[in-house]
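Please read the structure below before turning to the comments.
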Amino acid sequence: MPELPEVEVVRRGVARWVVERTVEDVEVVDPRSLRRYTDGPEDFRRELTGLTVVDACRRGKFLWLPVRAADGSEPSRALLVHLGMSGQLLVSSPEHPRPRHERIRLELSPALDESGQPLPEQLRFVDQRIFGGMLLDRLVPASDGHGTVPEHAVHIARDPLDPLFDVAAFHAALRRRRTGLKRALLDQGLISGIGNIYADEALWAARLHWAAPTETMTAPRTYTLVAACQEVMRRALDAGGTSFDSLYVNVNGESGYFSRSLNAYGRAGQPCPRCEAGGDDGVIVRERFANRSSYRCSRCQRRPRRFRP
DNA sequence: CCTGCTGCCTGCAAGC
DNA sequence: TGCTTGCAGGCAGCAG
């Protein structure tokens, strides 16, 4: 499941291998990957063909490639990509067999790498579960006035690794909410890039309970929580960034995910890595939350007096 | 406006 | 063995 660090790894791969290349053709293998996005596969193909990728941008888990027309004008549109649960972007050669779940394929103009070798000429969107998708979208001014964002991502908040992320504003917004802490962390309009795994990891690192009411958060606690989010994601990014050589591992969004080490998520019944010396307390427990699982330490993430599930 | 629930998807694992 | 059920999860859309 790609979260922010995985998407950032993909963004870097796209920046390196795809920017400055022109889309020469498009094959929509499965139109469901354009779900509620365009006027249909034919329109998508017609509009995208001939455009040149000029950049690779990201906000939270949304990735977009601003494109310019052949006349060289400033980009007014972008190819917006969301990897959903199982999406991958692969840069590969035409002779490479079609992956089982390939949904969209772009033919790219020829290009050479740093050592003069020809680069693969296809960008493939592979997505087993079709929770992700693509869209050719209009670029609009960001809601805080800094830069542009695709129209379908304008409601997404800045993520904690964004230099323009505003902790004080996040704290104020958190205090206005009437919900539990984990729901707030998963709300991409409040803070973006955090999914179920990193929410649990960040809450564990900050020693906070998932059901703590947001309106009771103090500024120091919010700062601790944001720092924990940044720490957890930066560590995953460092791990994912190390296996950056192969084209495949590079642009497929998996490297960070499989090499991350987890302290709480998925560790039900195991001793808490922080307070394992403590006996039967200090154990990771699994609890149901909003039709999914939450993992926390029974000792260092105590249930709050007030409880917002 | 705010909050929280449902449905979209596929493949795997567990249970009968 | 072969079926059914549950689980994984981000996010758009919608109900209250």
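Convention: sequence-line order gives letters A, B, ...; per-chain numbering from 1.
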Atom [atom1] of [X] to atom [atom2] of [N]: distance rounded to whole Å?
{"X": "A:His155", "N": "B:dC2", "atom1": "NE2", "atom2": "P", "value": "15 Å"}
{"X": "A:Asp127", "N": "C:dA8", "atom1": "CG", "atom2": "P", "value": "19 Å"}
{"X": "A:His101", "N": "B:dC12", "atom1": "NE2", "atom2": "C1'", "value": "12 Å"}
{"X": "A:Trp210", "N": "B:dG4", "atom1": "CH2", "atom2": "P", "value": "12 Å"}
{"X": "A:Glu215", "N": "B:dC2", "atom1": "CD", "atom2": "C1'", "value": "13 Å"}
{"X": "A:Phe131", "N": "C:dG13", "atom1": "CZ", "atom2": "P", "value": "15 Å"}
{"X": "A:Arg129", "N": "C:dG6", "atom1": "CZ", "atom2": "P", "value": "17 Å"}
{"X": "A:Asn196", "N": "C:dA8", "atom1": "CG", "atom2": "C1'", "value": "9 Å"}

Exercise for the section: Once you apply the 3.5 Å cut-off to both distances, tell me the Watson-Crick or G-U wobble partner of B:dC9, or none. Expected result: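 Partner of B:dC9: C:dG9.
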Handout entry: Identity of whatever pairs with B:dC1 - Watson-Crick or G-U, under 3.5 angstrom
Key =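 In the structure as shown, B:dC1 has no Watson-Crick or wobble partner.
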Nucleotide nearest [X] when distance is taken to its side chain, options [options]:
{"X": "A:Arg183", "options": "B:dC5, C:dG10, B:dT3", "result": "B:dC5"}
{"X": "A:Arg32", "options": "B:dT10, B:dT3, C:dC11", "result": "B:dT10"}
{"X": "A:Arg288", "options": "B:dC9, C:dC11, C:dA8", "result": "C:dA8"}
{"X": "A:Phe62", "options": "B:dG4, C:dA12, C:dA8", "result": "C:dA12"}
{"X": "A:Gln128", "options": "B:dG11, C:dC7, B:dC9", "result": "B:dG11"}
{"X": "A:Arg178", "options": "C:dC11, B:dC9, B:dT3", "result": "B:dT3"}
{"X": "A:Arg100", "options": "C:dA8, B:dG11, C:dC11", "result": "B:dG11"}

Problem - Contact under 4.0 Å: A:His82 side-chain N or O vs C:dC11 OP1/OP2 - result: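 For C:dC11, OP1 or OP2 has a side-chain N or O of A:His82 closer than 4.0 Å.
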Exercise for the section: Respond yes when some side-chain nitrogen or oxygen of A:Thr179 is under 4.0 Å from OP1 or OP2 of B:dC2, and no when none is. Expected result: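 So the side chain of A:Thr179 is outside the cut-off, no N or O lying under 4.0 Å from OP1 or OP2 of B:dC2.
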Problem - Ion pair check, A:Glu42 and A:Arg46, cut-off under 4.0 Å - result: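 Not counted as a salt bridge, because no side-chain N and carboxylate O are separated by less than 4.0 Å.
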Problem - Carboxylate-amine/guanidinium proximity below 4.0 Å for A:Asp200 and A:Arg267 - result: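 So A:Asp200 does not pair with A:Arg267 through a salt bridge.
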Exercise for the section: Name the orientation class of the two ring planes belonging to A:His155 and A:Phe62 (parallel below 30°, tilted from 30 to 60°, perpendicular beyond 60°). Expected result: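 Geometry flag for A:Phe62 against A:His155: perpendicular rings.
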Practice task
Give one of base, sugar-phosphate or nothing for A:Ser293, where a contact means two heavy atoms less than 4.0 Å apart.
Solution key: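 It contacts sugar-phosphate atoms only.
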Problem - Test item: side-chain donor near acceptor, A:Ser86 and A:Arg129, under 3.5 Å - result: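 Short answer, no.
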Exercise for the section: Please figure out whether A:Arg286 or A:Ile156 has its closest DNA chain C nucleotide nearer the 5' end. Expected result: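 Here A:Arg286 is the residue nearer the 5' end.
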Exercise for the section: Please state whether the base of C:dA8 and the side chain of A:Arg292 form at least one donor-acceptor pair under 3.5 Å? Expected result: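 Absent.
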Practice task
Measure from the ring center of A:Phe307 to the ring center of A:Trp210 and say whether it is less than 6.0 Å.
Solution key: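 Centroid distance A:Phe307-A:Trp210: below 6.0 Å, so yes.
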Problem - Close side-chain approach of A:Ser192 to A:Lys61, heavy-atom, < 4.5 Å - result: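 A:Ser192 does not reach A:Lys61 side chain to side chain.
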